[in-house]
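Computed from heavy atoms alone, side chains included, the values below leave out hydrogens, waters and symmetry copies. Note on naming: letters A, B, ... go to the chains in the order of the sequence lines (proteins, then strands), and numbering restarts at 1 for each one.
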Number of protein chains: 2
Amino acid sequence: MQKEHSLSKNQKIIFDLIDKSGEPMKAYSILFNVQKKGIKAPLQVYRALDKLVEIGKIHKIESRNAFIACQNSSCQISKATAFSICESCENVSEISNSKLSKYLSNFSDDSGMKYSKYNLEFFGLCKKCKSK
Amino acid sequence: MQKEHSLSKNQKIIFDLIDKSGEPMKAYSILFNVQKKGIKAPLQVYRALDKLVEIGKIHKIESRNAFIACQNSSCQISKATAFSICESCENVSEISNSKLSKYLSNFSDDSGMKYSKYNLEFFGLCKKCKSK
DNA sequence: TTATAAATGTTATATTATTACATAACGTTA
DNA sequence: TAACGTTATGTAATAATATAACATTTATAA
């Protein structure tokens, strides 16, 4: 079992915001939303984001430069992440599929390189957008 | 068979540079390198990059905000990309593994969403860096 | 309790990317 | 070839994303 991380003040403010929103948030949108709580500078946001990513409470959606709360309770560390992204409505959700994660975690090619981490982003149209 | 794309002047200058370098290049580094060829503004670079990505001549390494020439002659369109990235020396190479690409292209979960595209980035230490 | 690490606050600045608008080159087909 | 639509180019300004550097405070643990 992983040590439970107790979040610092800024980390908690920022995590709570992202978690409540339920969707990917961008750093400056986060900044705007927490200014009333006394977080005034981008760096304060980025530092909290860095830490939250490091401990697996949030993930960065690289293709969108945005951050989403981890939706997978067992995922303490961001070493194996997969997301589905709708290219129309930009809805993002984390994929929890044990076959997929096993397949990718064990993947190796002929380069002799051992992978310790991966990030996978799938793109397409979500059900709603497809039926429009 | 895909129509062969004939690159425009700027597209060709920028593709040749990235292709020759053999490694991921960042937009402003590209800009710096092509200024002697008359490309003076960021937008000229980004426009060419967008087009080159669209037609599959280059790929964007999302976690690095960098662009690398496609190393897979059969890959005309960037719909299914996988890369291995060394977190120490930042060496990047494109993974061409038909099992992997088949697995991912056919992947579907219970969301009912059909994926038309994916991008996968593996991280670790390359052989050289591991043995240091 | 003291020293070490982690987090915070603040200013400035670096890096990455796009908007808006004007013009030129290219490809099609009437 | 002339006219049209499309693609590419040029240029300036600015928006959006992220980090450097430095001073200080708070938390943790020996």
Asks: In whole Å, I'd like the distance from the CD1 atom of A:Ile61 to the C1' atom of D:dT17.
Replies: 16 Å

Asks: Whole-Å distance between C:dA6 C1' and A:Ile55 CD1?
Replies: 13 Å

Asks: Measure the distance from CG on A:Asp50 to P on C:dA7 and round it to the nearest whole Å.
Replies: 11 Å

Asks: Only pairs at least two apart or in different chains count here, so list each salt bridge (charged side-chain N to carboxylate O under 4.0 Å, His left out) that has a residue in residues 120-130 of chain A.
Replies: none

Asks: Relative to each other, are the rings of A:Phe122 and B:Tyr118 parallel, tilted or perpendicular (30° and 60° limits)?
Replies: perpendicular

Asks: Check the distance between D:dA8's P and B:Ile13's CD1 and give it to me in whole angstrom.
Replies: 14 Å

Asks: Does some side-chain heavy atom of A:Glu87 sit less than 4.5 Å from a side-chain heavy atom of B:Ser116?
Replies: yes

Asks: Using a strict 4.0 Å threshold on nitrogen-to-oxygen distance, state whether B:Asp16 and B:Lys12 make a salt bridge.
Replies: yes

Asks: Membership question, hydrophobic clusters at under 4.5 Å side-chain separation (ILVMFWY): are B:Phe32 and B:Ile30 in the same one?
Replies: no

Asks: Check whether B:Lys26 reaches the backbone of B:Arg64 with its side chain - one donor and one acceptor, N or O, closer than 3.5 Å.
Replies: yes

Asks: Please check if A:Tyr115 and B:Ile85 belong to a single hydrophobic cluster, counting links between Ile, Leu, Val, Met, Phe, Trp and Tyr side chain heavy atoms closer than 4.5 Å.
Replies: no

Asks: How many Å lie between CG on B:Asn10 and C1' on C:dA24, as a whole number?
Replies: 12 Å

Asks: Looking at C:dT8, D:dA8, D:dA18, which one has an atom nearest to any side-chain atom of A:Lys9?
Replies: C:dT8

Asks: Looking at B:Asn65, does any N or O in its side chain come under 4.0 Å of the phosphate oxygens OP1/OP2 on C:dT15?
Replies: no

Asks: Is it the case that the side chains of A:Asp109 and A:Ser111 hold a donor-acceptor pair, with the cut-off being a distance below 3.5 Å and no angle test?
Replies: yes

Asks: If we fit an axis to the first five pairs and another to the last five of the helix from C:dT1-D:dA30 to C:dA30-D:dT1, what angle do they make, to the nearest 10°?
Replies: 40°

Asks: Rounded to whole Å, please give me the gap between NZ in A:Lys51 and C1' in D:dT19.
Replies: 18 Å

Asks: Round to a whole Å and report the spacing from CD of B:Gln11 to P of C:dC26.
Replies: 13 Å

Asks: Within less than 4.0 Å of OP1 or OP2 of C:dT8, is there a side-chain N or O belonging to A:Ser8?
Replies: yes

Asks: Give one of base, sugar-phosphate or nothing for B:Lys60, where a contact means two heavy atoms less than 4.0 Å apart.
Replies: sugar-phosphate

Asks: Could you state the atom-to-atom distance from CG of B:Leu49 to C1' of C:dT15 in whole Å?
Replies: 15 Å

Asks: Taking the side chain as every heavy atom from C-beta outward, state whether B:Phe83 and B:Gln71 have any pair of such atoms under 4.5 Å apart.
Replies: no

Asks: Go through residues 18-48 of chain A and report each residue with a non-hydrogen atom lying under 4.0 Å from DNA chain D, sorted by number.
Replies: A:Lys26, A:Tyr28, A:Leu43, A:Tyr46

